[in-house]
Amino acid sequence: MSYNLFERAKPILNEIQQYGFEAYFVGGSVRDYLMNRAIHDIDITTSATPDEIESIFDKTIPVGKQHGTINVVFNHENYEITTFRAEDDYIDHRRPSEVYFVRDLYQDIQRRDFTINAIAMDINYKTYDYFDGEKDIRNKCIRTVGNAQARFEEDALRIIRGLRFQSQLDFQIHNETFKAMKSQISDIQYLSIERIVVELKKLMFGCNVAESFNNMKELGAFHFIPFFSAFEMSQIQIIEPIDFELWIAILLVQQRIDSSLNSLKISNQEKSMIQTYMKLIELLPRIHSKSTLITLVYDFNIMDIEKVLATSKTLELNGIEIAHPLIINEHSIKEVAKHLPIQQRKELAVNGGDILKHMNTQSGPWLKDVLRQIEIAIITKKIKNTQDEILKWVDANVKI
Ligand code: ATP
Ligand code: MG
């Protein structure tokens with residue numbers, strides 16, 4: 001499968017070479033290929049400039065042209081092609097303000113973060129490994145290209161990236177590299193939160209998150225990251241891969257700190273996911289009866305419930321009460337879901353207008369409440385979802 005991705009991209013590299021330029025696979029795909037891991041996307045590096053790439057291929061998208069990246073659409077697939085570049089002038093420990101296009105592979109490889117990410121590979125699967133990346137892959141070692149201190153001074157995001165690779169690949173961090181992480185950690189305060197969140201999501205979901213999360217705590221990294229700096233991160237323990245949103249929800253439920261999610265600059269969808277998880281974490285232990293279980297399954301997405309249930313071990317470890325396994329478990333929620341007579345309010349056989357007409361009265365805040373009670377009566381099978389039964393229920397239960 002991995003091999004296939006490279007085979008499919010070969011014609012692109014060939015084409016670039018036909019024009020007299022060099023082109024290689026590079027970065028994560030080469031690393032993952034050499035490790036026998038699944039490859040998700042292929043990065044191509046070339047001596048051709050973005051303008052030259054645009055003139056070679058018919059379908060191109062200038063996604064990051066000023067940084068040297070052009071997307072080439074080939075056989076209905078998107079390939080990211082980046083010109084060899086060198087970086088200069090790091091200001092405030094962020095990405096460089098200027099990049100220079102160069103014609104020499106070595107220079108491009110030299111600017112990359114870790115030796116395991118700094119291996120180029122040609123169409124014949126021959127590697128160009130100037131910094132012993134293959135040896136580090138064999139030794140499961142994360143080591144910067146060149147002097148660790150200097151590389152982290154240039155771009156402090158590399159510290160978080162190093163820990164995210166440790167988590168994803170289950171590697172160890174080289175001594176010198178870890179020492180430099182320690183001495184440069186405060187520089188992460190200068191990074192944009194968006195870049196940090198991208199790496200944190202991957203870090204939290206890696207198989208060795210237990211170790212890298214501990215390293216994040218040991219380095220005091222969270223003191224320098226917006227949002228997290230308000231929390232007592234030493235009180236949080238993570239021992240298994242976890243979704244970013246669920247992790248944030250656990251943090252908020254455990255510590256009840258009024259730290260605005262806005263400072264994470266995540267999407268509204270991600271924010272509402274966090275809020276859903278928070279509600280579920282708090283609700284699940286309070287489900288004691290069949291009818292509350294039915295209401296829960298009706299109100300929430302079953303996959304979200306399952307996700308919180310699957311995190312019970314982590315919740316317990318963090319002092320949060322968990323669901324009663326005899327009442328709520330994978331089987332019971334599926335059974336309940338299967339037998340729900342309706343999935344959502346709009347499936348009710350009556351709407352607010354019908355009720356007002358039937359009662360010959362004006363609308364008011366009570367109406368929402370009544371509709372909710374009708375919904376619950378239907379999903380718990382006290383009444384059937386027919387206009388007749390619902391209006392009878394209204395006659396018997398609603399007094400204004
Ligand atoms: P993934 O498999 O998650 O995509 P990756 O190694 O491909 O991991 P990317 O963020 O996609 O990581 O970056 C692609 C390559 O670009 C890296 O392998 C590395 O060579 C280089 N790179 C990315 N970010 C940096 C950085 N901050 N400093 C130096 N090199 C970097
Ligand atoms: Mg990548």
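For ligands, and for the atoms within them, numbers begin at 1 and follow the listed sequence.
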*Lys/Arg cation over aromatic Phe244: Lys201, 6.0 Å, 45° cone*: yes
*For ligand 1, is there an atom lying under 4.0 Å from some heavy atom of Arg31?*
yes
*Is a donor on one side and an acceptor on the other found under 3.5 Å between the side chain of Asp122 and the backbone of Asn124?*
yes
_Tell me the contacting part of Leu157 for ligand 1: side chain, backbone, both, or neither, using a 4.0 Å heavy-atom threshold, strictly below._
neither
*Arg85 backbone acceptor or donor facing Asp108 side chain under 3.5 Å*: yes
_Polar atom proximity, Gly28 to ligand 1 (N or O, under 3.5 Å)_ = yes
*Indicate yes or no for a side-chain donor-acceptor contact from Ser29 to the backbone of Phe25 under 3.5 Å, with no hydrogens or angles considered.*
no
*For residues Glu211 and Gln172, is any side-chain donor paired with an opposing acceptor at under 3.5 Å?*
yes
_Distance filter under 4.0 Å to Phe165 heavy atoms, resulting ligand 1 atoms_ = 6 (O), 8 (O)
*Where the closest heavy atom to atom 12 (O) of ligand 1 is concerned, which of Glu199, Arg161, Arg111 has it?*
Arg161
*Specify side chain, backbone, both or neither for Phe114, according to which of its non-hydrogen atoms lie closer than 4.0 Å to ligand 1.*
neither
*Which option out of Gln168, Arg151, Arg195, Arg158 puts a heavy atom nearest to atom 26 (C) of ligand 1?*
Arg158
_Distance under 4.0 Å to a non-hydrogen atom of Arg164: what atoms of ligand 1 satisfy this?_
1 (P), 3 (O), 8 (O), 10 (O), 12 (O)
*Does a donor on one side chain and an acceptor on the other come within less than 3.5 Å for Ser234 and Glu232?*
yes
*asked:* Could you tell me, atom by atom, which parts of ligand 1 come under 4.0 Å of a heavy atom of Gly27?
replied: 18 (O)
*Mark yes or no for whether Glu194, through its side chain, and Leu264, through its backbone, hold a donor-acceptor pair below 3.5 Å.*
no
*When you check the gap from the basic side-chain N to the acidic O, do Arg103 and Glu52 get nearer than 4.0 Å?*
yes
*Residue Lys202 vicinity, atoms of ligand 1 by number, heavy atom under 4.0 Å*: 3 (O)
*asked:* Using heavy-atom distances only, which candidate in Val145, Thr115, Asp43, Thr82 approaches atom 11 (O) of ligand 1 most closely?
replied: Asp43
